[in-house]
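First the structure, in the form of structure tokens, and then the observations on it.
Throughout, numbering of the chain's residues begins at 1 and tracks the sequence. Since this is a predicted model, take the numbers as computed values, not measurements.
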Amino acid sequence: VGSRLLEKIENKARSNGSEVLLVKARPEAISFFSDRGYRQLSTRHRSRDYPYQCYKSIALGDPDRF
């Protein structure tokens, strides 16, 4: 169910012109997003940044653009 929902969100975002999706994940969900092509962002400021963020390029064309 989660994979299908994420796919629909990606398709909708792409059709609206988005090129990248950023998600704030729970620690136990990092592998879920990683298995679906998301990369984890590093935390630059521990006191300010949410530590479990993942992103994925959804732009048509070069998937490694970002």
### Listed partners of Glu10 passing salt bridge (Lys or Arg N to Asp or Glu O under 4.0 Å), at least two apart
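For Glu10, the residues satisfying salt bridge (Lys or Arg N to Asp or Glu O under 4.0 Å) (neighbours in sequence not counted) are Lys56.
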Can you list the residues that meet the side-chain hydrogen bond (donor to acceptor under 3.5 Å, both in side chains) rule with [X], with sequence neighbours excluded?
X     : value
Asn11 : Arg14
Arg26 : Glu28
Ser42 : none
Arg48 : His45

Qualifying residues under side chain to side chain contact (heavy atoms under 4.5 Å, CB included), relative to [X], sequence neighbours excluded:
X     : result
Lys12 : Ser15, Asn16
Ile30 : Ala25, Gln40, Tyr52, Cys54
Thr43 : Arg46, Asp49, Pro51

### Message
Is there a path of hydrophobic side-chain contacts, each under 4.5 Å between heavy atoms of I/L/V/M/F/W/Y residues, joining Leu41 to Tyr50?
### Response
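In one cluster: no.
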### Query
What residues, two or more places apart in sequence or in another chain, satisfy ring pair (Phe, Tyr, Trp, His ring centres under 6.0 Å) together with Phe33?
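Scan of Phe33 (ring pair (Phe, Tyr, Trp, His ring centres under 6.0 Å), adjacent residues dropped) gives Tyr38.
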### Message
On a heavy-atom basis, which atom in Val20 and which in Ile58 lie closest, and how many Å separate them?
### Response
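Minimum heavy-atom contact is N-CG1, 3.9 Å.
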### Task
May I ask you to list the residues sharing a hydrophobic cluster with Val1, side-chain cutoff 4.5 Å, ordered by chain and number?
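Val1 clusters with nothing; isolated.
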### Task
Output every pair passing ring-ring contact (aromatic ring centres under 6.0 Å, His included) with a member in residues 5-26, not counting sequence neighbours, ordered by first then second residue.
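Not a single pair qualifies under ring-ring contact (aromatic ring centres under 6.0 Å, His included).
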